[in-house]
Amino acid sequence: MSHESPRAADPPAKAPSFAVRWFEAHSVAGVTLLVPFFVMALTGTISLFHEELRAWHTPALRLAEPPPVHAVDALLTGPLADTPRDAARIHVRLPTRWAPLITVRSTDRDREDLSMAAVDPADGSTLPGSAVSSELAHHLFHWHFLHPLPQGLLLAGFLSVLWLALTVSGLVMHRRKLLSQFRGWGKRRARALHAWIHAAAGTATVPFSLIFGMTGAFLGLSSLLLPVIVLLVFAGDIETAQPALGFDQPPPLEVVGERVDRIPPLDPFVADALAQRPGLELTRLDLQEPFDRAARLTVGLASGDGENARVAYDIHESEEPVFVSAPEEPLATQVFSFGFMLHFATFGGYAVKVLYALAGILFCWLTYAGAQMYISRKRKHAPRTAKVVERLFDGLGLGLLPAIGIFAWANRWLPEHLAHRGEVEIHVFHIAWALIGVLVLTFGTSRRRRAALVYGSVALLATVPLIDGWRYGVWPWSSASWVVPSVGITSLLLLATGLVCLVSAIARGQLSLPSSSKEKLPELSEGR
Amino acid sequence: MGSLIRNITRFFAATPGRWRIHRPWLFVPVAVLVSTLLGVACVALAAAVIPADVGVVLAIGGLLFPLLGGAVLAGCMASHRRWRAVGQVFVASLGIGLISGLINWWSSL
C-alpha cells in the first residue's frame, strides 16, 4: 500500500513573478522586524530630545542656567566627605544647560551605586540624590538600541541591516509609482488606506531610512568591524590600534592597598587640566580608588562644538598629569562621531531634530500600517498566524505607549526621597509593559482595545502637566515652567495633544454613550 | 546516505506549487548573518587595500557596508532559489576575506 504524501498532490511548481518574489521578501522581512522596529522607532523619536527632557522629568532640575564651573572644592566638600570609604569610583558630572546641577555618584567595584548627591552650583546647596536620579528619557534612549536585552546593541545592528533590506525591496516594488502614489490620498478606506499610508510614508522617509539604517548598522555592528580592522590594519597589535582608533587610555591603575582618610583638594588639578586645553570647559571628574594611595583623577573637558579632552592625575603622587589625550581626535573617532551625529541629529539645531522626529513618527505609522496589511492579508488563509502577529504587535508594540505613560506617572507620584527612585521607576515601566503585553496576548485585541491603548496613553501623559501644576505649582503657562524652556514646551505639547484627542473623540461620537447598548455589546466584547 | 541528503534538501526546499519563503524563522536570521558577513568581508578588503589610515577605511567601508549587506539581503530573500543565493553570498564572503588576508600578507612581506 503506497502512502501518497500531501506534497505529491500539490500542483506543479510555478515560477513566481518578479513582483511576487519581492513582495514576499518584503512581507517576511517586515513581519520579522515589526515589533522591535516599532519599539526602536518610538523610543528613538523620544530620545532625540532626551537631554532636553531631563528637566521635564526631574523637577529638582528646574533651576536657573548655571554659571561655568572652574573650581570644585568649595562645592564638593560635603558630598565627598559623605562618600562611603569603600567606594571604588566617584563620578562627578558638572552642570550643563539641560541639567544645571552638579551630581556626585559613588559606586563599588561591582559598579553598584553606593551614594548619590546633587549640588546647586549657584549657591552650593545640597539636594538629595534621589531628587535627580530619574532617567525616564535616558532609559528610553537605551531601549532605542535594545541595550536592556542580552546582546541588544548587536541585535539592533542586525535589525538595521534588515531595515535596509526592507527599504531596498520597498523601492524595487514601488519603483514605477514613487510619485504617482501621493495622488488621491483621501479616497481610500480600510486595507487600501493602510497600504497607501505604508507606501507613501515609506517613500517619503527613504532618505531617513538610508541614514538611520546605515548609521545604525555601523554603530551597532562596530564590535564586529573593529576586530577585523585591528587584525588587518594593525596586524593584531591592540596597543598600536587603541590610539589610532581613539580608544587610548591612561596607564592601568595599580591599587597599592594603603588607605588614605581624605581626598586632597582637586582645584589645582582642575586648573592644570583647563590650562592644558585652553578654550574647553569642565564637564566631568572621575575618581578611581579615591581612598587608596594610588587614587587617580580623570578630568573631562569639552567645547560647545564637540571637541573633547581628558587629562589624568595620580592625585596623591604628583600634580603632573600621567595622561593627556591627543590634541586632535583621530579620523576613526571622527567617523564614529559623524555616524553618531547623523543618527541622533546632533547637527543643524532644532530644525533637523524636528525633521528627524517627524520621520520617526512616520516610521511608527508605517510600521503600524504594515502590520495591519499583513494581518488582514493573512486572516483568510492563515488566521492563527494573523492572530499571533496582531496580539504581539498590539501587546508589545502599542503596549509600549501606555507603559511610557505609566513611567511618567510613576516619575511624578513616587516619593522624592525614595532611595533608588530612578530604578523603581524603571521597574514600574518594565512591569507595566510586560503586564500589558501578557494581557493582550492572553485576552486578544480588537480595534476598540487598540484605540483604548492609544487614548489611554495620551490621557496618562496629558495629565502629567496638570499633576505638576497641582503638586508643585508648576503649570505649563507659569514662569516656573519656562526657566528651562523644554519643560514648558513639553508640558504644553502634551496638554495640547490630550485636548486635540479629547475634542476629536467627542466630535466623532466615540465618547458618547451608545444609543443601543445591546447592539454595541458584541462589538465591545470582540477579541481576536 | 541518499535519504539523508533527500531529507536535508526537503528541509530547505520550498513547498512545491506555492512559492513562498519556506521556514522564515531559519532563513531570515541566516540570511541576515551571511549578508552582514559579506559587508564585513568588504570592509576587510578595504582595510587591506587602503592601509593609509584606519579612519578612511571606517569612513568608506564602515558607513557603506550596511547598505551593501541590506541590498544583498533583499536580493537573497527575493531570489528564486534563496538558499542557493545565501550559500553563494557566504562563499563570496569567504573568498573576499581570503583575498583580503592574502593582500595583507603580501603587503607585509
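Note that these values count all heavy atoms, side chains included, but never hydrogens, waters or copies made by symmetry. To find a chain, count down the sequence lines: A is the first, B the second, and so on, and within it residues start at 1.
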Quiz item: Taking all atoms of both residues into account, what is the closest heavy-atom pair of Ala25(A) and Ala78(B), and its distance?
Solution: CB-N, 3.8 Å
Quiz item: Less than 4.5 Å apart, any side-chain heavy atom of Val28(A) and any of Phe27(B)?
Solution: no
Quiz item: How about Arg377(A): does its CZ atom have over 12 heavy atoms from other parts shown lying under 6.0 Å from it?
Solution: yes
Quiz prompt | Phe23(A), part contacting chain B, at a heavy-atom distance under 4.5 Å | solution = neither
Practice problem: Evaluate whether atom CZ of Phe208(A) has more than 12 neighbouring non-hydrogen atoms of other residues, nucleotides or ligands under 6.0 angstrom away. | Solution: yes
Self-check item: Under 4.5 Å from any heavy atom of chain B - which part of Ser160(A)
Solution: neither
Quiz item: What are the two closest non-hydrogen atoms of Phe65(B) and Phe218(A), and how far apart are they?
Solution: CE2-CA, 4.3 Å
Quiz prompt | Heavy-atom contact with chain B under 4.5 Å, split by part of Leu162(A) | solution = both
Quiz item: About how many Å separate CG of Leu58(B) and CD of Gln334(A), when rounded to the nearest 0.5 Å?
Solution: 12.0 Å
Quiz item: Is the number of heavy atoms from other residues, nucleotides or ligands under 6.0 Å of Arg384(A) CZ greater than 12?
Solution: no
Quiz item: Where is the tightest heavy-atom contact between Ala74(B) and Ala165(A), given as atom of each residue plus distance?
Solution: CB-O, 3.5 Å
Practice problem: Please report the closest heavy-atom contact between Pro66(B) and Gly213(A), naming both atoms and the distance. | Solution: CB-O, 4.3 Å
Quiz item: In terms of heavy-atom proximity below 4.5 Å to chain B, should Val228(A) be classed as side chain, backbone, both, or neither?
Solution: side chain
Exercise. Determine the minimum heavy-atom distance between Gly70(B) and Leu164(A), stating which atoms define it.
Key: CA-CB, 4.0 Å
Self-check item: Distance in Å, Arg21(A) CZ paired with Met77(B) CE, rounded so as to fall on 0.5 Å steps
Solution: 13.5 Å
Self-check item: Closest-packed option against chain A by number of heavy-atom pairs under 4.5 Å, given Thr36(B), Leu64(B), Ile103(B)
Solution: Thr36(B)
Practice problem: Measure distances from Leu210(A) to the heavy atoms of chain B and classify the residue's part below 4.5 Å as side chain, backbone, both or neither. | Solution: side chain
Quiz item: Using a cut-off of under 4.5 Å for heavy-atom pairs, which of Leu224(A), Leu225(A), Thr215(A), Leu342(A) has the most such pairs with chain B?
Solution: Leu225(A)
Self-check item: Considering all heavy atoms, the nearest Val168(A)-Ala71(B) contact
Solution: CG2-CA, 4.1 Å
